[in-house]
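Take a look at the structure below.
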Amino acid sequence: MIQVAKVVVDVPSKGTDRPFDYLVPEELIGEVQLGSRVEVPFGPRKILGYVVGISLSSSAQKLKNILDVKDILPPLTQELLQLGQAMAEEYFCHTITAFQSMIPAVLKGKYQKKIHLGSKAIPFDGAAEGLQQLLEKKSSCSYEEAEQLVGRAVLRKLIQNQSVLVEEHVGDRVTKERISWVRLIDQVDIRMIPARAKKQHEVMQYLLNDLKEIPLPTLLAATGANRQTVKALEERGMVRIEEREQYRDPYRNASFVPSVPLALTEEQQKAYETITKPIKEEHYETILLHGVTGSGKTEIYLQSIEEVLNKEKEAIVLVPEISLTPQMVDRFKGRFGDKVAVLHSRLSAGERYDEWRKIRRGEVQVAIGARSAIFAPFTNLGLIIIDEEHESSYKQEESPRYHAREIARWRAQFHQAAVVLGSATPSLESYFHARTNVYSWVTLQERVQGRPFPTIKTVDMREELKSGNRTMFSKDLTTSIQETISRGEQVVLFLNRRGYATFVLCRSCGEVANCEHCDIALTYHHTNRTVRCHYCGYTENVPTSCPNCQSEHIRHFGTGTQKVEEELGKHFPGIRVIRMDMDTTSKKGSHERLLRSFGEGEADILLGTQMIAKGLDFPKVTLVGVIAADSMLHLPDFRSVERTYQLLTQVSGRAGRHEQPGKVIIQTYQEDHYSIQMVANHESETFYRKELLLRKQHHYPPFCGLFTITISHTDRVLAMKRAVEIANLLKGNNGYEVLGPVAPSVSKIKDRYRIQVMVKYTHDFEVIREIQSKWRTIEEWPKDKELRIQIDRDGEIGVSANVHTQHREISRSHS
DNA sequence: AGCACGCCGACT
DNA sequence: GTCGGCGTGCTC
């Protein structure tokens with residue numbers, strides 16, 4: 001009986017985005033399983049692929065053999081195979097791309113070809129001689145090197161007549177850390193060791209007294225012996241030294257204080273019961289846990305997970321990368337110990353792989369990590385928690401452009417598990433689904449131990465300027481900072497912009513220094529007197545004269561974190577400031593280090609961008625200042641108001657989380673804007689209703705779905721030409737509306753001109769199918785090398801709710 | 001995506 | 001002639 005495997009190969013292209021049939025050779029039958037990562041011949045080369053099906057026959061003309069199976073346990077479970085195929089459809093990506101996004105990077109293929117001297121001599125002619133010499137010296141060289149040396153045709157000839165050999169290497173990048181263990185051999189007689197070998201006796205005593213086996217480094221440290229001593233014992237047959245594979249546990253040297261469940265408040269208890277109901281009854285449900293900052297959501301998570309573990313099921317916890325701090329990890333490790341695997345971007349590729357394997361092998365039951373941890377290969381999921389669910393980092397910005405919420409919903413439906421979306425400031429779509437009963441909804445309105453909310457005050461900076469204050473700190477903020485620090489308490493200052501100033505401008509001709517590769521102003525950085533592009537990283541020295549008019553009246557304008565830091569020093573002599581932004585936290589571990597030293601009171605002020613807005617919990621912080629609240633209010637994005645509201649609420653939540661009450665000062669030029677007013681007045685309900693109504697009026701998600709097609713090309717005209725063709729193809733259909741082509745706010749990035757076409761569509765199966773088929777047509781169009789087209793879906797995949805009822809519900813609830 | 005094949009213009 | 005450029009088509 002023959003066995004045929006259907007393999008999705010590692011070639012991300014339109015023509016190869018389907019399974020190819022391969023014969024499973026006899027010796028691999030049983031080893032080749034669904035989800036296996038296999039090496040296969042594909043055309044003239046060898047590549048990796050994933051087994052998506054196994055059958056007994058094939059309609060293909062000729063079958064090649066599978067060459068190898070790369071892992072003992074298939075990296076993809078059957079569930080993930082299905083999910084990958086669903087993702088390919090929903091996100092317009094190749095199936096292989098979806099698969100790649102679900103597994104650790106070390107499992108991705110690494111292909112290289114090497115040239116060796118062959119069995120026959122290289123014929124003596126000019127070109128080949130150099131190669132001959134090279135290969136005699138080095139024994140092998142890369143394919144590219146050889147091709148460059150002798151030319152393509154000659155190399156091909158040499159390969160054909162076997163003068164040189166091509167060795168293909170299909171590697172995985174797996175590196176397994178190995179460590180030596182020392183094992184005592186049963187029934188040894190230590191009298192066989194000469195008395196003068198004192199160290200050997202000591203080591204044997206240690207082993208006999210204590211353990212029968214121990215890692216070599218531990219043994220050496222404990223006895224003060226060296227490697228040679230142990231080697232000598234091995235030669236005497238007293239011990240055996242063996243190499244064992246070992247997980248690189250990034251937390252192996254850390255100890256965690258065990259934590260016990262805390263008593264829940266009445267509110268928390270209610271939330272806990274809502275969450276554990278579907279877990280107990282084992283059915284799918286999504287619950288929005290809408291809890292104000294400091295309301296103790298984490299404790300509810302922990303106790304809900306406990307319930308899942310009792311049912312012998314598993315849980316995934318997603319947190320935004322930025323709040324995956326040691327504080328957070330400690331709490332989970334403290335409660336669940338070695339049942340937890342942690343996946344975050346600071347791990348090395350090898351460490352990540354090891355954590356992932358613990359999950360795949362069923363050695364842990366809880367996975368905590370950033371976005372991609374949503375693919376944790378559990379087989380019996382009971383619960384998925386997405387903390388700070390409104391965070392934009394849950395959306396992947398490269399293909400496959402998925403949102404972790406959508407994957408969570410899909411997996412939970414597959415496993416009949418619960419999804420908990422936790423946030424103090426839910427995304428508008430989640431709030432909407434909660435209101436319309438697509439999700440269950442629980443709210444936590446009180447802070448733990450009845451701690452009061454901070455008082456929030458807004459300051460109109462236009463008035464400040466009128467009254468003669470030309471600094472970036474209002475009178476109110478200045479005195480508050482002074483008071484707070486003199487009480488020995490701490491301040492958090494927030495500014496959504498790094499660098500020193502926002503842009504560099506010539507005062508003679510008005511020229512703004514722009515990036516040569518992107519349509520964006522360069523940002524001035526004071527420390528090394530450079531201007532940098534925050535899109536592509538381009539850096540140059542700050543111009544001393546205007547490139548346009550040669551005037552030397554060049555100045556920087558606007559405010560960044562670096563400048564605030566400097567101004568703080570001038571305003572408050574002797575003040576200790578810690579600045580946290582992309583520039584000061586780029587090094588590994590610096591994020592943690594800065595936070596720790598602030599927590600230990602080594603600074604009075606923590607000044608930072610986005611990254612200090614959430615999750616931080618420092619008892620001594622009683623004042624939060626927002627330098628410029630409106631910096632992102634008017635970005636050309638329909639979510640900019642929502643984002644401003646969320647950010648301000650989150651930052652405010654950093655104040656007064658413990659005994660001392662907190663105070664928040666928000667400086668703004670738009671004091672009367674509803675989002676800022678509603679943050680100040682703690683009017684969350686009103687904000688959500690108003691914003692939803694606006695979305696409805698202007699026809700934006702969640703009231704419709706949105707595709708954004710971005711066409712980019714090195715030639716602006718060609719980009720526009722193709723954009724117009726795409727828009728025309730899509731236009732004139734029922735059920736969806738085409739906008740554009742328009743130039744996006746950043747119309748050039750890295751030397752590529754960008755044009756966008758947007759499609760607003762109703763959440764209707766037929767409509768989506770129609771757009772999908774149109775997209776297929778677009779994909780068929782001839783492409784030139786420089787043209788790139790990407791499509792991003794912003795809508796609710798997998799929410800089965802009648803949109804028309806939802807519309808009615810919202811109008812009703814608001815009136 | 002690679003890679004081969006094949007067609008074509010440009011040079012020793 | 002043959003070297004190398006690029007368009008086309010295929011990969012179980």
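Reckoned from all heavy atoms, side chains included, excluding hydrogens, waters and symmetry mates. First the proteins, then the strands, lettered A, B, ... as listed; each starts at 1. Everything quoted here is computed from the prediction, not taken from an experiment.
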Does the His403(A) side chain pair with the main chain of Arg405(A), one donor and one acceptor, at a distance under 3.5 Å? yes
For Phe707(A) and Tyr736(A), what are the C-alpha separation, side-chain angles and deciding distance, and is it a ring-ring contact (aromatic ring centres under 6.0 Å, His included)? CA-CA 10 Å; Phe707(A) 283 108; Tyr736(A) 59 94; 8.8 Å; no
Compute whether any side-chain donor of one residue and acceptor of the other, for Thr708(A) and Arg401(A), lie under 3.5 angstrom apart. no
Verify whether one side chain among Ser392(A) and Arg643(A) offers a donor that lies under 3.5 Å from an acceptor in the other. no
Ile96(A) CD1 to dA1(B) C1', straight-line distance once rounded to whole Å: 12 Å
Its contact letters, B for base, S for sugar-phosphate only and - for none at protein heavy atoms under 4.0 Å, make nucleotides 6-12 of chain C read B----BB
Quiz: residues 79-88 of chain A side-chain donor-acceptor pairs under 3.5 angstrom, not counting sequence neighbours:
{"residue": "Glu79(A)", "atom": "OE1", "partner": "Arg411(A)", "partner atom": "NH2", "Å": "3.0"}
{"residue": "Glu79(A)", "atom": "OE1", "partner": "His415(A)", "partner atom": "NE2", "Å": "2.8"}
{"residue": "Glu79(A)", "atom": "OE2", "partner": "Arg411(A)", "partner atom": "NE", "Å": "2.8"}
{"residue": "Glu79(A)", "atom": "OE2", "partner": "His415(A)", "partner atom": "NE2", "Å": "3.3"}
{"residue": "Gln85(A)", "atom": "NE2", "partner": "Leu81(A)", "partner atom": "O", "Å": "3.2"}

Quick one: list whatever passes salt bridge (Lys or Arg N to Asp or Glu O under 4.0 Å) with Glu314(A), sequence neighbours left out. none
Pairs in or reaching into residues 40-62 of chain A: which pass side chain to side chain donor-acceptor pair (under 3.5 Å), with residues at least two apart or in two chains? Asp21(A)-Ser58(A)
Who are the side chain to side chain contact (heavy atoms under 4.5 Å, CB included) partners of Arg371(A), not counting sequence neighbours? Gln396(A), Tyr402(A), Ala404(A)
Looking at DNA chain C, which of residues 26-33 of chain A put a heavy atom within less than 4.0 Å of it? none
